[in-house]
Q: 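Have a look at this one before I ask anything.
Per chain, numbering begins at 1; letters A, B, ... match sequence-line order. Note that the structure is predicted; figures quoted are calculated from it, not measured.
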Amino acid sequence: MTDWLSPEEWAAVRLSLKVALTAMAASLVPGILVAFLLERGRFWGRQALDVLVHLPLVLPPVVVGYVLLLGFGRRGPIGSVLAEQFGIVFAFRWTGAALACAIMGFPLLVRAVRLSIETVDRKLEDAAGTLGANPAWVFLVVTLPLIMPGIIAGMVLSFAKAMGEFGATITFVSNIPGETQTLPTAIYTLTQVPGGEAGALRLTLASIVISVGALLASEWLARRARRRFFA
Amino acid sequence: MTDWLSPEEWAAVRLSLKVALTAMAASLVPGILVAFLLERGRFWGRQALDVLVHLPLVLPPVVVGYVLLLGFGRRGPIGSVLAEQFGIVFAFRWTGAALACAIMGFPLLVRAVRLSIETVDRKLEDAAGTLGANPAWVFLVVTLPLIMPGIIAGMVLSFAKAMGEFGATITFVSNIPGETQTLPTAIYTLTQVPGGEAGALRLTLASIVISVGALLASEWLARRARRRFFA
Amino acid sequence: QGKDVVVFAAASLKNALDDTKAAWEAETGDKAVISYAGSNALARQIEAGAPADVFLSADAEWMDHLAGKDLIRPESRTDLPGNALVLVAPKESAVRVSLEPGLDLSPALGAGRLAMANVDAVPAGRYGKAALEKLGAWEGVKNEVAQAENVRAALLLVSRGEAPLGIVYRSDAAVDPNVRIVATFPEGSHPPVVYPAALTKGTTNPKAASFLAFLRSAKAKAIFEKQGFTVLNRPNA
Amino acid sequence: MILDVDIRHRQGAFALEARFRSEGRLTALFGPSGSGKTTLVNAIGGLIRPDHGRISVKGRVLVDTKRGIGVPKYRRRIGYIFQEGRLFPHLNVRQNLLFGRWFTPRAERAANFDAVVELLGIEHLLARRPSALSGGEKQRVAIGRALLADPHLLLMDEPLASLDEARKAEIYPYIERLRDEGGVPIVLVSHSVAEIARLATSIVVLADGRVIASGPAAEILRHTSFFPQAGPAETGALIETRVSGHEGAFGLTMLATRAGTLTVPNLDLPVGTPVRVRLRARDIILSLTPPEGMSALNILPGTISSFGEPDGPSIDVEVDCGGDSLIARITRKSAERLSLRPGLPVHAIIKSIAFDREVLGGAGGERDL
Amino acid sequence: MILDVDIRHRQGAFALEARFRSEGRLTALFGPSGSGKTTLVNAIGGLIRPDHGRISVKGRVLVDTKRGIGVPKYRRRIGYIFQEGRLFPHLNVRQNLLFGRWFTPRAERAANFDAVVELLGIEHLLARRPSALSGGEKQRVAIGRALLADPHLLLMDEPLASLDEARKAEIYPYIERLRDEGGVPIVLVSHSVAEIARLATSIVVLADGRVIASGPAAEILRHTSFFPQAGPAETGALIETRVSGHEGAFGLTMLATRAGTLTVPNLDLPVGTPVRVRLRARDIILSLTPPEGMSALNILPGTISSFGEPDGPSIDVEVDCGGDSLIARITRKSAERLSLRPGLPVHAIIKSIAFDREVLGGAGGERDL
Ligand SMILES: Nc1ncnc2c1ncn2[C@@H]1O[C@H](COP(=O)(O)OP(=O)(O)OP(=O)(O)O)[C@@H](O)[C@H]1O
Ligand SMILES: Nc1ncnc2c1ncn2[C@@H]1O[C@H](COP(=O)(O)OP(=O)(O)OP(=O)(O)O)[C@@H](O)[C@H]1O
Ligand SMILES: [Mg+2]
Ligand SMILES: [Mg+2]
């Protein structure tokens with residue numbers, strides 16, 4: 001069963017999963033936070049933040065990768081500080097791939113969560129407040145459950161995007177088998193040489209299978225979340 | 001004022017705008033329709049449609065471009081029919097770029113609209129029904145206005161994605177200045193040659209300016225739509 | 001058993017290099033990992049401190065760029081097997097063109113496009129443009145050129161029948177059953193197609209030199225030739 | 001038969017099994033919270049499709065699961081005032097009010113927009129969105145929206161629950177006119193016995209998803225046992241009377257009953273108009289002799305016909321006054337002290353003031369709507 | 001001072017300008033729809049911050065815009081029963097009920113969950129989500145949620161509007177106990193004069209965003225002009241009485257008033273308990289001579305002290321009965337016929353049955369909650 005993919009291809013599948021899950025998980029909390037800031041905040045620079053969040057969508061992925069390389073590379077201003085102070089290295093590591101995917105998927109996550117926040121009935125939050133819940137608790141026990149559909153949708157988008165992200169990843173962390181070679185970069189490599197089509201197709205199928213799994217899981221989660229409202 | 005970009009670069013800017021607007025406009029109605037089918041429909045193959053819609057996100061853009069070429073190319077099963085029956089040609093045309101962008105942005109649009117549909121209070125639709133509105137009218141005068149925030153968000157995402165889409169476009173319709181050279185492909189080309197950074201940066205800025213404009217426009221629209229609810 | 005040799009190589013070399021790597025690994029028992037991407041991306045990554053030991057570029061330009069920044073060891077630089085540039089057409093096409101000075105591709109193109117890799121950025125595109133200029137055909141076709149992201153994509157356009165003609169490497173054209181090689185560009189019409197290889201300045205892996213040396217060996221030569229490359233294998237001037 | 005319902009429907013743990021026929025122009029649904037009133041109204045309105053059964057209104061079959069009939073809600077021409085408002089948040093009040101009109105054939109647009117708006121006192125709200133309305137304002141707009149759809153069937157689920165008495169007093173006559181003139185059958189859910197007594201012509205009593213009683217209002221209201229929740233205050237008899245004269249100087253109107261003349265606060269109705277009067281058992285005093293020098297103006301002679309079951313300190317005494325039967329609720333102590341027994345002649349004493357509008361059904365009509 | 005409010009607030013076209021002080025343990029807010037009741041409650045509850053002014057409850061300053069004080073709502077320890085439910089859709093009924101408890105200091109968790117659940121009759125709903133509840137069930141859960149938060153201030157915005165009478169009758173005593181024993185100040189919005197008369201100790205009357213009257217319940221309820229919307233039925237006098245004895249066999253209780261003894265349906269209270277009684281003007285008949293052979297058990301001698309303004313056919317007559325002042329509403333015709341004038345001795349006749357629970361305030365306490 002396992003031999004329809006080569007060990008190296010399996011490595012790419014595993015790595016892609018790891019990268020996509022990490023990207024999704026790591027962007028979740030900041031994504032919800034930023035969505036809140038953008039939807040509810042009234043601060044100077046809100047619009048700038050909005051634009052910043054959308055940039056990964058607007059710019060060609062290669063540009064995003066290049067910017068990441070300049071910023072988070074070994075010699076980049078952020079990368080060098082992170083490496084020296086905290087020992088966190090992104091350059092040419094799978095973590096870098098995850099960072100690239102997280103950033104590329106970030107606008108999608110934020111938008112989905114924002115949409116949900118917009119529809120939350122503020123009156124319910126007020127009601128929770130009168131019952132003694134301070135804003136943090138209101139967020140945790142009322143708002144968060146109510147925006148679950150948006151969070152799930154955002155996670156799906158973020159995960160799916162990470163499964164397909166190629167331009168920023170290969171530009172930022174290259175395409176090192178076992179370390180940064182994700183499914184999309186592996187597929188890309190195969191399209192660059194004669195006779196690679198079959199391999200590309202196999203990997204594409206693997207990617208689709210994973211995504212179907214993720215979609216089914218998300219639908220299941222969403223149904224569960226929805227049942228909470230209409231049981 | 002206009003000479004900070006070369007005529008050829010201006011052409012790319014104009015083309016990108018045209019492509020992005022077309023992609024957004026063309027995917028709007030099908031996007032809303034598919035979102036409805038996925039959210040409300042209970043038909044055989046729903047899950048398959050769901051996966052299909054997400055594929056452009058999951059697959060590397062190059063693969064999407066490749067698939068488009070196979071399907072919508074001169075000899076592709078769909079492309080040949082369209083060309084013969086309706087005279088619609090995508091290959092090497094800006095329309096092909098728009099098609100690629102539309103398809104790449106489609107999952108984003110659909111997701112946003114779905115999220116909004118999910119939060120529509122079915123009881124309001126019922127109320128409209130009792131007042132004599134048949135399902136089509138209910139959709140037009142109740143559901144559609146209520147999901148406006150999702151539609152606007154979807155349009156923003158679709159437009160932004162189209163402004164940044166590169167892989168599928170260049171693979172499908174290649175890079176013909178004045179015809180299919182959009183901003184991202186122009187930027188990409190500049191990043192490929194040593195010393196192209198300055199030009200890439202200029203075009204990137206142009207791209208950001210356009211997107212800021214689009215974002216502001218969308219926020220304005222969204223505020224108008226929201227005012228409808230809370231005036 | 002030390003660290004693996006990390007090789008940054010132009011994506012078009014994948015087939016040949018994968019085989020070469022396997023042979024080298026079998027012979028030495030050492031291991032190498034190869035990261036395939038566009039030469040430009042790889043060069044920029046090396047600039048940004050990528051942990052590459054060996055760099056194989058698709059053309060001289062990016063290698064020169066790194067050399068200018070003192071990021072490779074000039075003494076190790078070698079030009080690896082090159083390639084020939086050919087004009088291709090879909091296999092059912094009956095078009096005949098002979099690539100001589102005074103060339104005019106318009107009749108052969110008709111209303112179609114000439115598929116090439118990006119003529120500013122991608123080596124195959126630049127070589128092709130140079131050749132067409134040399135043959136006096138560039139001005140006539142430059143507005144008809146469909147520039148693909150890379151040479152494989154250009155080949156695909158011809159192979160799918162989207163473009164009636166295309167300019168690609170012989171190594172790619174030879175194995176695509178859907179295209180026919182119409183003619184080969186004369187060697188002098190464009191700068192020689194070579195793949196410069198070199199050790200990076202930052203390499204500390206002693207096995208890197210062994211890998212680079214192996215690339216020059218007869219075994220490697222055979223592998224490259226099997227993949228349709230022309231072996232030049234001459235030390236850089 | 002105006003309303004003919006025979007349905008069964010499950011909803012979670014709750015089973016509705018409703019079977020009744022109503023000849024009434026206004027059928028009131030009465031029953032404790034959770035007894036299935038809204039569910040029943042939803043079935044009539046087409047918001048839920050009952051699992052089994054049949055519903056017809058004025059002979060038109062709306063649902064018949066056996067014959068596979070289910071008229072979609074948008075073809076039923078109903079005006080449904082929901083228990084929870086359900087205004088369209090994206091439309092302003094005017095647009096909400098006119099919503100149903102868009103879908104009403106031009107020829108059938110009868111309801112007068114300005115009159116309804118004035119009746120409900122919502123002129124100043126027309127340009128606002130529902131989110132900027134108070135609770136009672138929302139409810140009034142919801143009433144207006146249903147009325148302006150020119151429905152063929154009006155479903156009202158506690159429409160007046162959060163309105164003040166003054167507003168209610170203005171709306172009642174309108175509903176009465178709809179009931180009596182419009183030919184629009186009305187189904188009204190209400191917890192207020194006073195409201196039901198004033199408006200209903202038929203009553204259906206629900207408990208736990210089942211119909212425990214149904215029939216003409218006068219008959220059902222007599223049975224205190226069906227209204228345990230009403231408190232003892234509201235029991236009484238309904239009698240039909242006719243305006244027999246006016247005493248303008250004192251602001252009084254005389255009503256002819258079979259037992260004699262009732263004097264009530266002025267009714268702006270021509271002589272001869274039929275008026276339904278509810279004589280509340282708690283308002284009636286019985287006296288062995290015709291009293292003298294007393295402020296009460298109405299003294300009807302009659303004969304005790306029967307006693308009800310004693311209920312706590314009180315007992316209901318039925319008095320036959322020339323054919324109309326009244327019910328007086330008195331203490332057991334008084335009954336014993338006065339040695340009341342069937343056949344004994346007595347006088348029923350009722351204050352004129354005890355007849356407020358609420359008790360005088362069918363009296364509406366000051367407004368020209 | 002329990003409640004001290006002096007605020008101004010604009011909300012769209014509406015301006016609230018409320019200024020009143022209330023000593024009452026239960027302050028009722030009364031006024032027509034749109035008069036600003038909910039807005040005022042929201043200001044007390046901290047849901048809106050008034051533009052200007054000051055609110056303090058039991059000496060604790062909640063808002064003082066001048067001094068920049070604004071206690072956030074989650075520190076006010078309020079139990080707010082909203083006009084529109086506002087149950088948490090993602091929590092089941094039990095979780096909704098216990099929501100406030102999570103945030104109540106352990107030592108202050110006094111309300112008995114089981115007792116409240118039983119009082120409201122929602123045991124069988126505990127596992128359900130709000131979307132599967134009927135309108136009245138939702139409202140009951142909302143009441144329970146507020147009560148179980150062990151609030152220091154209870155805000156009730158038409159809490160009983162869509163409940164049936166039986167359920168109301170069960171809940172009233174509980175509210176009375178909260179009012180009398182709990183030391184929890186209560187603010188109640190209601191359109192029902194009967195409800196207010198039973199529960200309120202103070203009343204604030206709003207109209208168009210302004211306070212047009214405020215003061216002790218007994219005093220305000222006397223002024224019919226403040227309750228134009230109440231209909232004439234509900235005017236009356238509140239008098240303080242004391243249980244003086246029981247007549248078990250007839251199910252009656254005797255109350256001592258300054259004018260004499262009132263016989264009312266049995267109250268399950270020990271002799272000596274103070275009871276507040278509302279004598280509705282419409283229930284009182286005046287007689288020049290003490291009547292004989294009549295079912296009415298209560299005949300209080302007194303002297304006419306004054307007349308009110310004539311209102312349509314009727315006029316209010318104030319009768320001084322040994323210091324307690326009653327109001328009788330009679331027709332002008334009777335007043336003239338009997339030649340009533342101040343100083344004339346008369347007898348006020350009231351049926352025992354006319355005293356239902358609604359009219360007997362402060363009488364709760366059968367349940368042990
Ligand atoms: N968000 C808002 N924007 C503008 N005006 C509002 C808003 N909410 C309420 N109002 C207006 O404020 C006034 C007072 O509203 P409020 O809700 O306090 O009334 P209320 O006394 O509670 O009435 P009801 O008995 O109908 O609930 C009303 O005239 C209403 O139209
Ligand atoms: N979606 C649902 N799922 C399961 N049970 C439900 C649902 N909706 C209502 N019920 C139950 O059905 C019963 C009848 O509900 P219905 O709304 O008809 O009551 P009602 O008579 O209108 O009560 P109320 O006077 O409180 O509005 C209730 O016991 C309620 O709990
Ligand atoms: Mg109901
Ligand atoms: Mg209110």
Q: Nearest 0.5 Å, please: how far is OH in A/Tyr66 from CG in C/Asn40?
A: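 Rounded to the nearest 0.5 Å, the CG-OH separation comes out at 10.0 Å.
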
Q: Look at the side chain of C/Arg44 and the backbone N and O of A/Leu70, then say whether any donor-acceptor pair between them is shorter than 3.5 Å.
A: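 Side chain of C/Arg44 to backbone of A/Leu70: no pair is present.
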
Q: Would you say CD of C/Glu187 has more than 12 non-hydrogen atoms from neighbouring residues, nucleotides or ligands within 6.0 angstrom?
A: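 No, not enclosed.
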
Q: Is it the side chain or the backbone of C/Gln227 that comes within 4.5 Å of chain A heavy atoms, both, or neither?
A: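 No part of C/Gln227 comes within 4.5 Å of chain A.
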
Q: Relative to chain C, which segment of A/Val173 carries a heavy atom at a distance below 4.5 Å: side chain, backbone, both, or neither?
A: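 Answer is backbone: N, CA, C or O of A/Val173 sit under 4.5 Å from chain C.
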
Q: Strictly distance-based, threshold 3.5 Å: is any side-chain N or O of A/Asn175 a donor or acceptor partner for the main-chain N or O of C/Ala37?
A: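 Side chain of A/Asn175 to backbone of C/Ala37, a donor-acceptor pair under 3.5 Å: no, none is there.
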
Q: Only pairs of heavy atoms separated by less than 4.5 Å count here; which of C/Ala41, C/Ala52, C/Gly49, C/Ala10 has the most with chain A?
A: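 Highest number of pairs under 4.5 Å: C/Gly49.
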
Q: A/Val193 and C/Ala11: which non-hydrogen atoms are nearest, and at how many Å?
A: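 Looking at all heavy atoms of both residues, the closest pair is CG1-O, 3.6 Å.
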
Q: Counting only heavy atoms not in A/Phe86, do more than 12 fall under 6.0 Å of its CZ?
A: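 12 or below, so no.
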
Q: Checking C/Leu155 against chain A: side chain, backbone, both or neither under 4.5 Å from a heavy atom?
A: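 For C/Leu155, no heavy atom lies under 4.5 Å from chain A.
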
Q: Looking at side-chain heavy atoms only, is the closest gap between C/Lys14 and A/Leu190 below 4.5 Å?
A: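 Answer yes - side chains close enough.
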
Q: Do A/Ser174 and C/Leu42 have side-chain heavy atoms sitting under 4.5 Å apart?
A: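 Yes, side chains in contact.
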
Q: Could you pull out all donor-acceptor pairs under 3.5 Å where a side-chain atom in residues 165-177 of chain C meets a protein atom, sequence neighbours excluded?
A:
residue	atom	partner	partner atom	Å
C/Arg170	NH2	C/Thr230	OG1	3.4
C/Ser171	OG	C/Asn83	ND2	2.7
C/Asp172	OD1	C/Arg152	NH1	3.2
C/Asp176	OD1	C/Asn178	N	2.9

Q: Looking only at side-chain N and O atoms, does A/Gln192 offer a donor or acceptor that is under 3.5 Å from a partner on C/Ser12?
A: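 Distance-only check fails for C/Ser12 and A/Gln192.
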
Q: Where on A/Thr180 is there a heavy atom nearer than 4.5 Å to chain C: the side chain, the backbone, both, or neither?
A: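 Neither part.
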
Q: Taking all non-hydrogen atoms of both residues, which atom of C/Glu149 and which atom of A/Tyr188 are closest, and how far apart?
A: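 Distance-wise, the nearest heavy atoms are OE2-CE1, 4.4 Å.
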
Q: Which heavy atom of C/Tyr36 sits nearest to which heavy atom of A/Ile170, and what is that distance?
A: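 Taking every non-hydrogen atom into account, O-CD1, 3.8 Å.
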
